[in-house]
Amino acid sequence: MDNVLFVFNMQEMYVGKNRNKDKFSFDADGLTQRVNQRIMEYQPEEVFYIVSIGKGLFKGSMPAKDSRDSDFARDLKVRSKNIYEKNKPDCFANDALADLMCSRGVKEIEFVGVDTGAEIGMSAYTATEDLDLKVVYNELCMVMMAPEKAGKYRDKLRKTRVTYKH
């Protein structure tokens, strides 16, 4: 398996019909359609879903585990059981995920979904710098909730092996 797709935060809290539309005011239906299209272009075992789950007393703005907000958005195509929880911005803080990418011989990761802060940027940076992977930063299938933070990582990523789709 050379190329994989990482689908970030496509959960009810961020893209669901009952989300806080003032806070998450982007076109969630359009994003979901574009992300679903990318999902269908990969084999099921090549699609990885990264979900944010708040833990402990200081969950921040992440949904609680097993809550309706933490569920996948109803219209999202879930084609694999490759579901990884994260409670820190960098999804590779979950060592099992980093180890799996190495053991499967992954060479390139495409990132799509909702970036609530700098999660996709931090994860993409770790993928290129620590795991020596190529990254596709698919801005056509991404929403940045904190453009200033995302911009910081975008500047860092320009110096690495990242391909941008926009």
**OP:** Report the C-alpha separation of Tyr137 and Phe111 in whole Å, then their side-chain angles, then the decisive distance to 0.1 Å, and conclude whether the ring pair (Phe, Tyr, Trp, His ring centres under 6.0 Å) test is met.
**Re:** CA-CA 5 Å; Tyr137 205 77; Phe111 289 91; 7.2 Å; no
Original post:
Can Val4 and Ile109 be said to form a side chain to side chain contact (heavy atoms under 4.5 Å, CB included), step by step?
Top reply: CA-CA 5 Å; Val4 296; Ile109 299 173; 3.7 Å; yes
Original post:
Can you check side chain to side chain contact (heavy atoms under 4.5 Å, CB included) on Met142 and Asp115, steps first, answer last?
Top reply: CA-CA 7 Å; Met142 243 184 241; Asp115 189 335; 5.6 Å; no
**OP:** Could you walk me through whether Lys134 and Thr163 pass side chain to side chain contact (heavy atoms under 4.5 Å, CB included), step by step?
**Re:** CA-CA 8 Å; Lys134 292 181 182 177; Thr163 302; over 6 Å; no
**OP:** Any chance you could lay out the side chain to side chain contact (heavy atoms under 4.5 Å, CB included) test for Met10 and Val15, step after step, and finish with the verdict?
**Re:** CA-CA 6 Å; Met10 294 297 289; Val15 295; 4.1 Å; yes
Subject >> From CA spacing to verdict: ring pair (Phe, Tyr, Trp, His ring centres under 6.0 Å), Phe6, Phe92 >> reply: CA-CA 12 Å; Phe6 275 27; Phe92 293 112; 5.8 Å; yes
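Annotation for Glu45 and Phe48: closest pair O-CE1, 3.8 Å, computed over non-hydrogen atoms. In terms of heavy-atom proximity, Gly30 sits nearest to Asp27 at N-OD1, 2.9 Å. Minimum heavy-atom separation, Val114 to Met145: CG1-CG, 4.1 Å. The two residues Pro89 and Ser123 come nearest to each other via the heavy atoms O-OG, 3.7 Å. The nearest pair of heavy atoms linking Arg74 to Glu12 is N-OE2, 3.0 Å. The two residues Asp22 and Asn20 make their nearest non-hydrogen contact at N-OD1, 3.0 Å.
Checking side-chain atoms of Arg79 against main-chain N and O of Tyr42 turns up a donor-acceptor pair under 3.5 Å. Checked by atom type and distance alone, the side chain of Asn138 never pairs as donor or acceptor with a backbone atom of Val112 at under 3.5 Å. Put simply, the side chain of Glu85 never gets that close to the backbone of Val51: no donor and acceptor are under 3.5 Å apart.
Residues meeting the side chain to side chain donor-acceptor pair (under 3.5 Å) test with Asp75, sequence neighbours left out: Lys17.
The CD1 atom of Ile120 sits 5.5 Å away from the CE atom of Met144 when rounded to the nearest 0.5 Å. With rounding to the nearest 0.5 angstrom, the CG atom of Asp69 is 12.0 Å from the OG atom of Ser52. Summarising the geometry, atom CD belonging to Glu119 is positioned 10.5 Å from atom CD1 belonging to Ile50; distances are rounded to the nearest 0.5 Å. Expressed to the nearest 0.5 Å, how far CD1 of Ile39 lies from CG of Leu76 amounts to 4.5 Å. Taking CG from Asn9 and OG from Ser70, the interatomic distance works out to 11.5 Å, rounded to the nearest 0.5 Å. Interatomic distance, CE of Met101 versus CG of Leu131, reported as 9.0 Å (0.5 Å rounding).
Within the 4.5 Å cutoff, no side-chain heavy atoms of Asn94 are placed close to those of Lys86. Two residues are said to be in side-chain contact when any heavy atoms from C-beta on lie closer than 4.5 Å; Val136 and Lys165 meet this criterion. Val135 is not listed as a side-chain neighbour of Thr160, based on a closest heavy-atom distance of 4.5 Å or more.
Using a 4.5 Å cut-off between side-chain heavy atoms of Ile, Leu, Val, Met, Phe, Trp and Tyr, with links allowed through other members, Val7 and Leu140 fall into different hydrophobic clusters. The same ILVMFWY cluster, assembled from side-chain heavy atoms under 4.5 Å apart, contains both Ile83 and Val47.
Within a 6.0 Å sphere centred on CG of Asp2, other residues, nucleotides and ligands contribute more than 12 heavy atoms. With a 6.0 Å radius and a threshold of 12 heavy atoms from other residues, nucleotides or ligands, Lys21 has its NZ atom above the threshold. Heavy atoms of other residues, nucleotides or ligands lying less than 6.0 angstrom from CD of Gln37 number 12 at most.
Using cut-offs of 30° and 60° for the angle between ring planes, the Tyr14 and Phe24 rings count as perpendicular.
Geometrically, Arg19 engages Phe26 in a cation-pi contact, judged by NZ or CZ lying under 6.0 Å from the ring centre and within 45° of the ring axis.
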